[in-house]
Amino acid sequence: MSMKPEGKKRIWAEYQKEIPDDHFFYVRSCIRQTFFAGSEQYFLKILREDLGKDVFEDPRHTTCTGIGYHGDVVPFETIQAVVARHFALATEAGYKHIAISCVTSFGIYSEILETWKHFPETLERTREDLFKATGRTFEVPETISHTSDIIYKFRDEIARKAKYNLVDIATGRPLRVVEHIGCHYSKMFPKYGVGGAEFPHVLVGMVESWGGDVIDYPERRHCCGFGFRQYLVQANRGYSLFASRKKFESMEPYRPDMIIANCPGCTMFMDRWQYTINEIDGITYGADGQGIPVLTYEEVAGLVLGYDPWEMGLQYHNVQSMPLLQKMGIRADPARRFLAKDGTRLPEPANLING
Amino acid sequence: MMSEGRANKFGFAISRSRLIDYDATDRKVREYVTLREPSFRLCFACGGCTATCTAGQHTSFNLRRMNTYIRRGEIEPLREEVTRCMLCGKCLLVCPRGVNTRNVVAVAAEAIRKLGRNEL
Amino acid sequence: MQDIRFEEGLHACMNCGICTGICPAAEYYHYDPRQVVDLVQSRNNEVIRELLKSETIWYCGQCMSCKTRCPRGNTPGMVIMALRKLSQELGYFTASEKGRQQFAIKRTVGDNVLKHGYCVVSYDVDPEAHPEQGPAWEHYFRYMDDSLARLGGELNGKEGPTRLIPDDVLDELKSIFKVTGGQELYDAIEEASEKKAEEMGMEFKKEGRDFEYFRHVVTADSGCHQCEPEDVRKDVYETRR
Amino acid sequence: MNSELFITPFNLGLYFILIYSVVRSTVWFRNLSRPDKLRLQRGFFGRPFMDSLREIFSESLLHRKIFKKNPLLGYMHMSLAFGWFLLIVFGTFEADFFGEKHLNPPSHAIFFRWFNPDHGSEGFARIYGFWMDLLLAFILSGLLLAVIKRFIPRMMGMKKTTKHTWTDRIALTSLWLIFPSRLLAESFTCGAHGSGSFLTGNMGAALASFLPAAEIAPVFWWLYSLALGTFFLLLPVSRYFHIPVELFLIFMRNSGITTGDRHSSYTEVQTHACSSCGVCIGVCQMSYAAGIHDIQSAYFIKGLRNDRDIAAITANCLMCGRCEEVCPVGIELGPMRLIERRQGEREDHKLRLAEKYTITRRRSTLEKAPTQSYGYLEREEPEKAEVLFFAGCMTHLTPSVIVAMKKIMDSAGVKYRFMDEQGGVCCGRPLMLAGRDKEARELINHNSDIIWKSGAQILVTSCPICYKVFRESYYLEATVMHHSEFINLLIEEGSLRLGYLHRKVVYHDPCELGRGSGIYDEPRAVISYVAELQQASQERNMSLCCGGSLGNLTLSSEKRALIAADAARTLTVASPDELITACPLCKKTFAQATETKVSDIAELVAAALPKPAEIAAKRRPARAAVRTSRIG
Amino acid sequence: MKGALKHVIVAGGGVAGMEAAGALAEMGYRVTLVEKGEDPGGHLLQWHALFPDRRPADEVRNYLRKRINHHNINVITRTTVDRVKHHPGGLTVNLSGGSEEKADAVIVATGFDLFDARRKEEYGYGIYDNVITSAELEGMFNRGHIARADGKVPDRIGLIHCVGSRDEKVNNNHCSKVCCVTAVKQAIEIRKMLPSCEVFCFYMDMRMYGPYYEELYRESQEVHNVNFIRGKVSEASVNINNRLVIKVEDTLAGRPLRMELDIMVLMVGMEMAAAGSKLAEASGFGRGINRFLETGDHHYGNNLSGVKGVFFAGTCTAPMNITDTVSHARAAVAETVRYLKG
């Protein structure tokens with residue numbers, strides 16, 4: 001693939017957002033805590049233990065109602081107030097930097113900040129609303145970062161501590177990695193995303209400093225197909241599957257080893273739809289029909305740092321990662337994937353991909 | 001994709017793509033029409049024909065869009081469409097580029113029929 | 001239409017189609033964001049009313065890819081959101097199959113927010129209703145406590161993932177919804193849906209999801225959301241005639 | 001006496017052609033539809049027979065029509081046809097009268113001089129001989145013209161002459177050889193025996209003075225016989241077959257047989273009756289105005305005769321009908337083309353015959369499913385009306401005409417309904433012209449339904465194209481009128497009061513209205529009533545086509561423009577103030593082709609209407625609607 | 001003797017500058033023509049043939065060269081005019097490199113810069129091989145050889161209109177006027193050089209405003225079979241065969257369209273020249289819509305600068321074709337002379 005990297009570097013240079021170094025106010029993601037609880041936990045673990053950062057989580061914070069907002073049942077005024085409430089909690093705890101686990105939330109936070117900037121009256125109205133409803137007041141935070149921004153910022157530090165690299169140890173070949181950026185990360189407000197909207201650098205940066213090769217394929221920018229109501233309502237799910245399938249077929253010729261995503265929905269759907277397509281059409285994507293494992297950036301970071309994949313929850317993807325782990329030279333006993341609290345083995349689920 | 005159409009065991013249907021994939025479509029009909037009615041090339045899609053069309057008053061027949069579809073090799077939507085023209089010839093009189101519109105329809109219909117019988 | 005997103009999302013459109021060119025919905029449904037913006041721009045109330053009642057405005061997946069590129073700085077996606085809100089406030093959404101689905105979203109995500117403080121709650125994603133979630137989720141769901149514990153969480157715990165949102169916090173949320181019109185929108189959706197259910201002669205319940213109308217809106221698919229020329233006339237684009 | 005061996009070629013030819021003609025005509029007769037058979041039988045024993053004989057005499061022998069059009073050409077055909085006819089008739093008498101015995105075989109008449117070399121020296125025989133020579137000279141003079149026409153057609157006032165196939169060429173040569181060789185044969189014989197009249201006698205004497213006449217004579221008798229023989233043999237496969245076939249045609253036509261809408265014996269007969277004279281080429285605007293020289297009726301018919309694929313030729317015609325007007329043989333060229341335009345008509349005809357003569361029944365392999373379909377049309381419930389006005393698709397592109405018609409009808413107090421005010425449905429004529437009758441039927445039924453439901457007594461249309469199809473292919477109770485007729489009616493019954501416009505105008509007969517429907521006088525009456533009508537060099541049945549014709553699907557806009565420009569030029573030579581037509585299509589087409597103002601007859605009349613103030617006073621109620629009986 | 005002659009400095013040696021200089025010299029003024037490049041000629045230097053008649057650019061170049069070949073004209077190259085200041089008794093003009101000149105009048109003809117296509121990130125110019133600009137395509141014409149980066153002969157070329165024009169995302173709301181007809185001209189040239197190569201123009205509006213432009217457009221369809229698709233290309237990427245894949249809406253079909261291209265040509269528009277902007281800032285010239293120089297009056301004063309003795313000529317005021325530029329330059333000369341005659 002002949003492409004001029006200097007061109008991309010130029011663009012990345014133009015979109016360098018400010019990512020704070022420490023003291024984050026952490027807000028969770030409804031989807032991630034439900035489906036990939038491990039990822040959120042390991043984000044905190046990596047930041048606190050490996051990087052020694054201060055990340056504060058207030059148990060009183062709630063959903064941002066983002067899925068409701070983009071499902072069109074929650075008005076803009078309402079979500080502004082809910083987000084403002086989180087700002088209030090941050091203010092109360094003395095934090096100025098928000099670390100957002102969810103890309104939908106991140107998009108909403110940026111949309112709200114932009115709206116407040118261009119239409120100050122909306123900020124005022126939100127202050128009133130929030131005060132009226134909860135008696136809380138808030139300061140507009142100095143920065144908002146998506147948690148992938150933060151991992152990106154410390155990617156080289158992680159690389160220095162790396163126990164494993166994104167390399168096929170058997171051949172020494174860098175792993176071919178497809179990066180998928182959640183649409184709401186930077187498509188709405190390019191300057192809020194590392195590297196902008198067209199060539200986001202946030203995941204590319206991680207993959208490259210951890211030894212992998214990034215694949216640029218025709219449908220790279222295409223949406224995974226979550227589409228909110230398009231997945232939430234059963235009758236519409238064809239839309240969602242259709243979009244993911246389009247991406248798989250576009251990346252297929254490059255024989256990718258894995259997909260890394262920074263968006264809750266994308267991580268879930270690109271994994272779930274691989275299973276569904278397999279069930280419907282009997283098609284399995286990826287090298288030698290092993291499917292293409294879809295990992296969160298925390299999971300990848302965790303692997304690089306040598307954490308136990310099963311403790312991070314890699315087994316809770318329909319596409320299992322054993323072949324990938326093997327390539328990276330990570331020893332992880334498949335038998336220990338599904339364990340009960342007391343450490344006893346649970347019955348294994350049937351027809352996982354590379355079960 | 002074989003899974004398109006009916007609802008699958010997951011309780012939803014998958015529709016076919018509306019994308020015009022120019023590298024997948026077949027421009028035989030375009031070649032046929034352009035060969036037999038060269039003025040077809042001259043259309044610049046002003047829509048005059050569609051605006052005045054007698055059949056268009058009663059149905060979706062849209063010569064301007066038909067020309068576009070033929071040019072892109074997107075034939076499916078035309079199979080029905082071409083049969084709706086009444087050949088009344090109003091379009092002929094309004095076309096600013098002197099396209100022999102009636103014959104375009106006639107030839108296109110012919111081409112599409114032939115395509116159906118693999119005679120193109 | 002005093003929606004902020006109109007001001008934000010709508011300047012004179014020159015019909016370049018750059019939005020439709022990358023729109024996932026346009027590729028799947030008979031949908032063309034360019035035309036929607038163009039119609040809204042017409043400021044013709046008749047046309048817009050048609051639009052609010054149409055299937056058209058419910059096709060967008062709100063990926064917002066259109067915002068990145070529009071040479072006139074428009075955001076069709078946001079225009080759509082404004083239209084959807086309007087359609088629900090005016091009760092027009094029940095006129096279309098896709099519109100009626102809003103009721104399902106309200107009863108799932110909408111209710112979750114005020115009941116649990118989350119849009120999605122793990123014990124709510126029943127594998128029965130979500131076969132596409134696959135074996136991994138089925139397993140996780142069945143052994144939720146064990147699985148979650150291993151990942152360092154606790155269902156309805158004090159902190160961490162899927163912790164329990166205390167009532168005082170939920171009260172704050174509810175009061176925010178009251179103050180900011182969120183509750184109003186919920187009620188509007190409920191009211192119009194109940195009317196529609198009656199009209200369609202379907203069973204309707206004030207609570208939950210286990211009744212005919214809910215099942216109907218979740219599964220109904222007339223299959224004509226890709227209508228090509230033939231139906232286009234009936235389609236809203238033609239109402240400009 | 002073996003010296004008479006030379007007559008065998010002639011006899012062969014003669015008996016062959018006689019037998020062939022009998023067989024062919026029986027086949028044609030058998031293939032006729034039952035009604036046509038009856039017509040022919042009735043015709044044979046009735047007036048038509050006499051009419052036919054008269055026509056045969058005037059057309060096939062005297063070639064009156066061609067005479068009218070072009071005396072020189074007429075003379076050529078007459079001298080050959082009529083001259084030869086006389087030669088045969090009198091030759092037979094001669095043989096019968098002066099020959100050694102009565103009732104000789106034809107050869108004795110044809111080669112009379114050979115058998116009676118010394119005949120005609122004195123008395124009555126001498127005069128008779130003179131007469132025979134005179135006839136020969138008469139024919140030869142025509143032959144001379146034919147040769148000239150062949151090589152320099154212009155001299156015969158013909159723009160183009162048809163191309164020949166090789167059989168045609170041989171047949172032609174033999175035809176040309178017949179009479180010169182007879183002349184020489186007789187001359188030599190006379191020279192040898194010192195007999196003969198002014199032509200053969202003198203020429204014979206001259207030749208004999210320096211040639212061994214007696215020895216040379218047989219050569220030319222052989223040549224003469226051979227020429228005749230070859231000609232007869234080639235007749236069926238050459239264009240000259242038209243000579244015998246025309247006789248059948250005349251009988252059939254006079255018995256009331258018409259072309260109809262499918263191939264039949266009659267179309268075959270017409271096909272073979274064409275003499276490829278090329279008159280149709282001369283009058284074809286496609287040829288002299290648009291420079292398209294290979295699609296004219298002569299070539300169309302020839303294509304049919306030789307069973308070629310002539311789809312392109314068939315399609316590329318304005319269907320203006322000028323050629324049909326001038327065809328000396330009176331072939332229904334328009335209907336013939338329409339039949340041919342219907343997909344697969346010829347194949348079907350062949351199949352029908354095959355089925356007739358073979359036991360195995362074969363089905364048409366051709367896909368005959370309609371190419372168009374109008375299922376989408378919704379039934380309409382029109383309001384009742386006495387007069388129904390149907391503007392027509394094209395008229396909607398000339399709104400001025402519609403406005404004018406409204407003014408006129410209002411001013412005459414006509415109570416009418418505007419059937420296609422919101423556009424309406426095409427009349428179906430364009431589809432018919434494209435050979436899509438099945439499809440046209442759908443539209444016809446749709447419109448008929450509306451017209452019937454409206455209970456109208458008069459259906460007025462502004463478009464001659466619609467007018468023709470309304471009259472010919474719709475089954476209606478209402479009287480169909482073109483607006484020129486209707487306006488004329490209003491004027492006649494005095495319900496329309498008009499002023500006089502001091503304008504010189506020329507009138508263009510639209511093809512479908514004039515030649516197509518025979519409406520020539522009403523428009524002229526109307527125009528003369530309100531303005532000064534100039535004569536046009538080409539008018540009425542020879543009026544030109546404007547070039548816009550819907551009859552031609554394939555003609556390019558450039559070519560159309562050429563035709564329009566030429567027609568407009570011809571019409572406006574006398575520089576009229578206005579060019580009046582009665583067809584929206586003509587109006588639009590001419591408007592682009594000339595500086596002269598182009599108006600529809602309705603617009604002209606509307607201009608002559610008194611100002612509203614004047615009519616306000618007293619207005620007579622229109623009786624048009626109630627007086628339909630008078631028109632019907 | 002020469003000293004007696006009034007002195008006019010012309011900033012910019014493009015079409016406008018050369019024409020103005022020539023006209024002034026002819027009328028007996030002393031002219032200094034300041035050109036930033038190696039030698040005068042401006043953008044014309046890199047053009048192969050001109051619309052609408054596809055005549056060689058040389059013909060116009062030579063005309064202009066002759067025009068400035070006059071004893072009253074002194075050409076300074078590799079130099080820019082950095083500042084113009086009016087004071088009683090004339091103008092002081094600062095040239096790059098610190099030198100200062102006196103002049104009785106100044107004509108600003110700093111022209112335009114071509115839009116930097118890299119700013120339209122979604123088209124991947126400077127990232128994907130085979131994404132080139134219209135100027136680079138002219139270069140290929142000059143070399144008489146159109147080829148992909150890997151040297152292969154292209155089967156399909158797409159010309160993308162309005163790149164950097166009519167696009168607020170790159171802060172240019174104006175139409176550059178000449179790109180549409182340039183695209184049609186280039187499309188025809190490609191078809192002539194590579195008859196087997198399909199050519200597509202992706203346009204929003206075909207702005208064929210000049211004489212013979214519409215005819216050229218018609219010819220491109222009728223004779224050369226150039227394809228036109230109405231829609232602004234949304235994004236480009238490359239597939240595994242290193243062919244470009246573009247996404248666009250075929251707005252006339254109302255459906256998204258995907259197409260592979262061998263070469264994608266970006267019809268880059270006109271922007272106020274950087275050098276001109278610098279000069280404008282330093283000298284306090286007004287900046288009008290889309291950052292071009294603001295003229296005294298849009299209808300009857302569009303050579304007036306608002307600074308005494310300084311006049312504008314050519315595309316520094318707005319996008320123009322060569323014809324208009326030459327006329328505009330002559331108008332500037334007329335204004336200048338009127339001023340100098342007092």
Side-chain angles (χ1 to χ4, degrees), chain B residues 33-43 48-63 66 78-119, chain D residues 311-312 315-316 343 367 369-378 380 392-398 420 422-436 439-440 442-443 446-447 463 465-466 548-561 584-585 587-589 591-592:
Chain B
V33 174
T34 322
L35 192 71
R36 282 166 185 68
E37 189 46 70
S39 68
F40 172 70
R41 290 175 179 175
L42 279 171
C43 168
C49 45
T50 305
T52 195
C53 181
T54 301
Q57 298 295 323
H58 302 270
T59 184
S60 67
F61 180 67
N62 179 329
L63 183 50
M66 190 181 118
L78 299 185
R79 295 196 184 287
E80 281 289 305
E81 191 92 331
V82 281
T83 67
R84 297 165 200 258
C85 166
M86 299 176 179
L87 291 185
C88 77
K90 282 175 84 182
C91 45
L92 209 56
L93 296 194
V94 298
C95 179
R97 278 292 191 88
V99 177
N100 192 1
T101 45
R102 287 165 79 229
N103 202 33
V104 168
V105 182
V107 176
E110 190 180 305
I112 288 169
R113 250 179 300 127
K114 287 193 169 173
L115 196 68
R117 294 190 248 109
N118 316 320
E119 289 170 12
Chain D
N316 197 4
Q343 200 206 358
E367 176 209 26
T371 54
Q372 316 297 110
S373 61
Y374 309 102
Y376 55 80
L377 291 176
E378 289 141 12
E380 293 173 35
C393 299
M394 288 300 173
T395 318
H396 281 281
L397 290 175
T398 57
D420 60 340
Q422 308 309 335
V425 167
C426 175
C427 62
R429 177 73 178 155
L431 280 164
M432 288 187 144
L433 286 167
R436 313 247 179 105
E439 296 83 340
E442 278 193 61
L443 303 186
H446 177 86
N447 287 326
C463 176
I465 304 167
C466 311
S549 165
L550 291 182
N552 192 326
L553 201 58
T554 56
L555 191 63
S556 75
S557 52
E558 294 79 6
K559 298 286 186 188
R560 288 180 184 276
L585 185 48
K587 178 177 149 75
K588 265 202 131 9
T589 317
Q592 301 161 359

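Reminder, nothing fancy here: chain letters follow the sequence lines and each chain counts from 1.
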Here the gap from B/Ser39 atom OG to B/Arg97 atom CZ, rounded to the nearest 0.5 Å, amounts to 11.5 Å
Need one label for D/Leu553: side chain, backbone, both or neither, based on atoms under 4.5 Å from any heavy atom in chain B. both
Contacting moiety of B/Val99, where chain D heavy atoms sit under 4.5 Å: neither
Step-by-step side chain to side chain donor-acceptor pair (under 3.5 Å) determination, D/Asn552 to D/Thr554: CA-CA 6 Å; D/Asn552 192 326; D/Thr554 56; 3.2 Å; yes
Which atoms of B/Glu80 come close to chain D, meaning under 4.5 Å heavy atom to heavy atom: side chain ones, backbone ones, both, or neither? neither
Under 4.5 Å to a heavy atom of chain B? For D/Leu433 that would be neither
The interface call for D/Leu550 against chain B, heavy-atom contacts under 4.5 Å, is both
Interface residue of largest heavy-atom contact number with chain D, from B/Gly98, B/Gly89, B/Cys88, under 4.5 Å: B/Cys88
Compare every heavy atom of D/Pro430 with every heavy atom of D/Ile465, then report the nearest pair and how far apart it is. CG2-CD, 4.5 Å
When the 4.5 angstrom heavy-atom criterion is applied to B/Cys95 and chain D, the contacting part is neither
Could you report the tightest heavy-atom contact between B/Cys91 and B/Thr101, atom names first, then the distance? SG-OG1, 3.0 Å
Identify which part of D/Arg436 has an atom lying under 4.5 Å from any heavy atom of chain B, answering side chain, backbone, both or neither. side chain
Is the shortest heavy-atom distance from the side chain of B/Glu81 to the side chain of B/Asn62 under 4.5 Å? yes
Checking B/Ala55 now: which residues fulfil side chain to side chain contact (heavy atoms under 4.5 Å, CB included) with it, not counting sequence neighbours? B/Cys53, B/Phe61, B/Met86, D/Tyr376
